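Below: one structure, written as structure tokens.
The basis for the numbers below is simple: all heavy atoms, side chains too, and nothing from hydrogens, waters or symmetry mates. For clarity, every value in this text was computed on a predicted model and none was experimentally measured.
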Amino acid sequence: MTDPVGKLPSELDQLPDRDPEETAEWAASLDAVTQAAGPHRAAYLMRRSLQHAEGAGLALPKLLETDYVNSIPTAAEPAFDGDLEMESRITAWNRWNAAAMVTRGARYGVGGHIATFASAAWLYETGFNHFFRGKEGDGSGDQLYIQGHASPGIYARAFLDGRLSEQQLDNFRQEAGGDGLPSYPHPRRLPWLWEFPTVSMGLGPLSAIYQARFNRYLANRNIKDTANSHVWAFLGDGEMDEPESTAALALASREQLDNLTFVINCNLQRLDGPVRANFRVVQELEAQFRGAGWNVVKTLWGNAWDELFQLDTTGALLRRLREVPDAQFQTYATRDVAYIREHFFGAEPALAELAKLLTDAKIAECFYTSRGGHEARKVYAAYRAAVEHKGAPTVILAQTVKGYTLGKGFESKNANHQMKKLSIDEFKGMRELLGLPIPDSAFEDGLVPYGHPGADSPEVRYLQERRAALGGPAPARRVHAVALPQPEERAFKALYKGSGKQEMATTMAFVRLVKDLMRDKETGKRWVPIVPDEARTFGMESLFPSAGIYSPLGQTYDPVDRDQLMYYKEAKDGQILNEGITEAGAMADFIAASTSYATHGETMIPFYIFYSMFGWQRTGDQMWQLADQLGKGFIVGATAGRTTLTGEGLQHADGHSHLIAATNPASLNYDPAFAYEVAVIVKDGLRRMYGPEAENVFYYLTVYNEPKPQPAMPEGVEEGIVKGLYRFKEGTPAKADAPRLQLLASGTAIHWALEAQELLAADWGVTADVWSATSWGELRCDALEADEALLRGEQQVPYVTQALSGAPGPVLAVSDWMRQVPDQISQWVEQDWSSLGTDGFGLSDTRAAARRHFGVDAQSIVVASLAQLARRGEVPASAVKEARERYGL
């Protein structure tokens, strides 16, 4: 809606104007400039005024976009701290070997990517030569999130540095023999080099933000001084379309993470074509990051453009750069100078006049090669600005050409991401461009040779001296294996003895256990409780006042519940990470905490608790990232199962997370039924993950919100709990020849099985033994190991087969999960097998109604048991029909 003169309403209309006459004079002055010098001059003056106001400390909203030029003018660039000629030679060798590695691998059809590193070479080399701190200096060094497709360039540098051999380069993407190189950054496959797996695009930037935040968490809790650790995340402009890439930008600025820098390689290309074909991705990203509160540094143009900007006295060049879409600019890089003169400079007379002052060579240099990301001085200036900026994270938008130096067949071509090799002639052209001393005779065998100036060459000495000054080689992963002492037994014993007549859900049992473990003098401070939100749902509010919720600002307000015992307490040294409604952010927290033993040499024990439906299903890719990064800790799916969360219905009803979790080899998955089982599993997990022989695994526990009396732990069941199965309650036969069967149940389903055990005995004279299956997954893993042993000629009986050996009657397995969960072990059970589960979609109703709907309640178990026995001829078939009618099924 507009006012009578057509002016759009503004927030300023709500504010009193104490001097309308002065305001009118300012407006009249702007109108006069517009009329006399044109709108572009008026806009320039306005921008200058805003810049001056900001410098004077006036509180004004910032513009979200600046002109399509470098943030740091050439005249303002700091002195370059290095030998540029030497670094150019080093970069040339690395460019060559990266391309050679992928091309040689093409013989075996293993693929590889050439164009990404070709565009980003100087972005990495400048960092390695001047900024990235290693782990052999003070502190933990920097954390480097390398763009996955640039890995050949990182391998090439490690080869030049003597950390990789020529044979290893030739085994790029060929790992089966044990001496190969993974295609992308992968700590599990190359654990001495890679720290962070990044090729699942979008997860790198998200994790980098939470890693920078966790660095501050460690410092604020006085666990590790991380002041000298800087997080660098190298990203592609196309990658920024992933929702995770920008999901936590506001957190980074809100917590003033000036220990974080994003370097976005803006080569204007995705995997299949332009990023913003009809728009400008640099300007879009600038607005997005500025709006989120980041410091933005644009490094777009090389020195060759300085002359053009100096000649642009009318602003026509800037206007043209603002309006040319990315796809068109890519086209300029592939067409001749005549095309550029016509289609770029011919857009308006002022530009045509400017072009008359330029030689064809100057235009070619500007449009074909001169990008800010390809010039070490420009990149150095941007990095220096980033590390010196205080109070906010920095993003560097560096413009490059994808496939740069690889020749006209590669540069800016839409297909260059899928192009896996260069021809010999193309390599010879690249050799001339880079000035490398590689003779023609080196190509005589038909293969492109690797190049190396020699272990004692000036290039290698320079490279190693620069890295030594910065704290050693990078990237590098170092593990300082320090076993944590086992906590005192007191916390576990509290759950071993049961709850008597008092009802307690296993969720509450877990939280109570961790609360007690956090009081341990030796290891208590190393627990990192993580919750996305609804901590009160999981009974964690008791931790608020004692442990505190982490906030770098502490608590700047009076909490509304300050007078209550369990008030909401935030603290700078708070232990709990309460992330709000972001499972992805909470999972990124967990990854940072779970790998702190390697990143910072400080072992932490994270536990992340969440609605189980919103774990593996929603953030499963991050669970794999966790496994790839060799993380360890406890992931806890609370309110688990398909029928325990009354009334919530389909979108909260998890009957499948254990199936998804079973696909991850690093995840040990447990579904405990009782509080004492939770205690035994956590105790064993602490031993396996943090003891003297620490394993790179993590635990997935499902716990329930259904209060039940918790029994005391029977004697001698610890081994069965850990391995996945033990007999909880043996049936008492009413007579010697009574039909018998085995009921296997996990989690909350054991209560239905126990009720069914009583009904079978009382109503049908059938004896049932009830077994607690704490882990279907661990039983399966053990059985698979036994099968593998047989292939090696070794005899090994699966634990589940041993445990059930000689148990009379058939086996019926039941859980609050899909039948596929218990069915994982069916082939190793010698008895007749059947199962019940909650297959299908969930629904809103009471627990009893939901269980009857899925056919897993006690009465349904009875009918299924009788049906199994009837098929064996051990009870009359009529008993099944009679039971259905009696129980109303």
Side-chain angles (χ1 to χ4, degrees), residues 33-34 36-51 63-77 237 266-268 274 276-287 296-375 377-378 381-382 397-401 412:
V33 172
T34 303
H40 302 296
R41 176 61 180 170
Y44 176 82
L45 291 176
M46 288 295 296
R47 292 280 302 281
R48 277 293 193 185
S49 298
L50 288 170
Q51 182 185 49
L63 294 176
L64 293 185
E65 287 187 26
T66 60
D67 284 322
Y68 204 61
V69 294
N70 293 347
S71 301
I72 305 171
T74 300
E77 293 171 4
D237 46 2
C266 298
N267 57 34
L268 313 185
R276 291 289 180 273
N278 295 296
F279 304 93
R280 287 155 299 285
V281 70
V282 168
Q283 299 299 84
E284 178 183 316
L285 291 174
E286 178 184 28
V296 178
V297 177
K298 292 197 292 191
T299 302
L300 308 180
W301 312 112
N303 284 329
W305 283 83
D306 288 349
E307 180 183 344
L308 276 67
F309 291 128
Q310 290 298 316
L311 294 172
D312 183 29
T313 57
T314 66
L317 179 60
L318 284 183
R319 292 195 296 276
R320 184 67 177 138
L321 289 175
R322 280 199 302 266
E323 68 188 20
V324 174
D326 285 352
Q328 184 61 45
F329 209 87
Q330 292 294 85
T331 299
Y332 293 144
T334 64
R335 302 298 292 270
D336 58 27
V337 171
Y339 180 92
I340 298 170
R341 285 187 182 276
E342 177 184 354
H343 292 275
F344 181 83
F345 292 101
E348 63 172 283
L351 273 179
E353 289 301 313
L354 187 153
K356 291 177 182 179
L357 304 175
L358 303 174
T359 64
D360 283 0
K362 171 60 71 173
I363 292 176
E365 181 183 12
C366 288
F367 283 81
Y368 297 162
T369 63
S370 187
R371 302 288 189 278
H374 295 324
E375 297 190 11
R377 291 183 186 275
K378 302 290 184 187
L397 304 175
Q399 188 160 265
T400 65
V401 173
S412 295

Rounded distance (nearest 0.5 Å) linking atom CG of Asn70 with atom CG of Asp306: 8.0 Å

Measure the CZ-CG distance between Arg320 and Leu354 for me, rounded to the nearest 0.5 Å. 13.0 Å

Quick one: SG on Cys266 to CZ on Arg280, what's the gap to the nearest 0.5 Å? 13.5 Å

Derivation of the side-chain contact (heavy atoms from CB on, under 4.5 Å) call for Leu300 and Val69: CA-CA 6 Å; Leu300 308 180; Val69 294; 5.8 Å; no

What closest approach, in Å, do Ala304 and Cys366 show between heavy atoms, and which atom pair accounts for it? O-SG, 3.5 Å

I'd like to check the side-chain contact (heavy atoms from CB on, under 4.5 Å) partners of Gln330; sequence neighbours left out, ordered by chain and number. Leu268, Gln269, Ser412

Smallest heavy-atom separation, Glu375 atom then Gly302 atom, equals OE2-CA, 3.1 Å

Pairs involving residues 309-318, ordered by first then second residue, that meet side-chain hydrogen bond (donor to acceptor under 3.5 Å, both in side chains) (sequence neighbours left out): none

In Å, rounded to the nearest 0.5 Å, how long is the span from CH2 of Trp305 to CZ of Arg371? 7.0 Å

Could you check whether any side-chain heavy atom of Lys362 comes within less than 4.5 Å of a side-chain heavy atom of Leu308, counting everything from C-beta outward? yes

Would a distance-only check, ignoring hydrogens and angles, find a side-chain to backbone donor-acceptor pair under 3.5 Å from His374 to Thr369? no

Quick check on ring pair (Phe, Tyr, Trp, His ring centres under 6.0 Å): which of Trp301, Tyr368, Tyr68 does Phe329 satisfy it with? Trp301

Closest approach of Ala350 to Ala316 (non-hydrogen atoms, all atoms of both residues): CB-CB, 3.8 Å

Inter-residue atom distance Ile72.CD1 - Lys378.NZ, 0.5 Å rounding: 9.0 Å

Tell me which donor-acceptor pairs under 3.5 Å the side chains of residues 338-349 have, and how far apart each pair is, sequence neighbours excluded?
unit_1	atom_1	unit_2	atom_2	d
Tyr339	OH	Gln328	NE2	3.2
Arg341	NE	Asp360	OD1	3.1
Arg341	NH1	Ala355	O	3.0
Arg341	NH2	Leu358	O	2.8
Arg341	NH2	Asp360	OD1	2.8
Glu348	OE1	Arg319	NH2	3.1

CG on Leu311 to CD on Glu353, rounded to 0.5 Å: 12.0 Å

For Val296 and Ser71, the nearest pair of non-hydrogen atoms, with its separation, is O-OG, 3.8 Å

So, does Asp326 use its side chain to make a donor-acceptor pair with the main chain of Val281 at under 3.5 Å? yes

Looking at Pro325 and Ala277, what are the two nearest heavy atoms and their distance? CB-O, 3.3 Å

Considering non-hydrogen atoms only, spot the tightest contact between Thr34 and Ala42 and give its length. OG1-CB, 3.3 Å

Give me the one residue out of Glu286, Arg47, Gln283 that meets side-chain hydrogen bond (donor to acceptor under 3.5 Å, both in side chains) with Thr66. Glu286

Counting only heavy atoms not in Phe309 (residues, nucleotides, ligands), do more than 12 fall under 6.0 Å from its CZ? yes

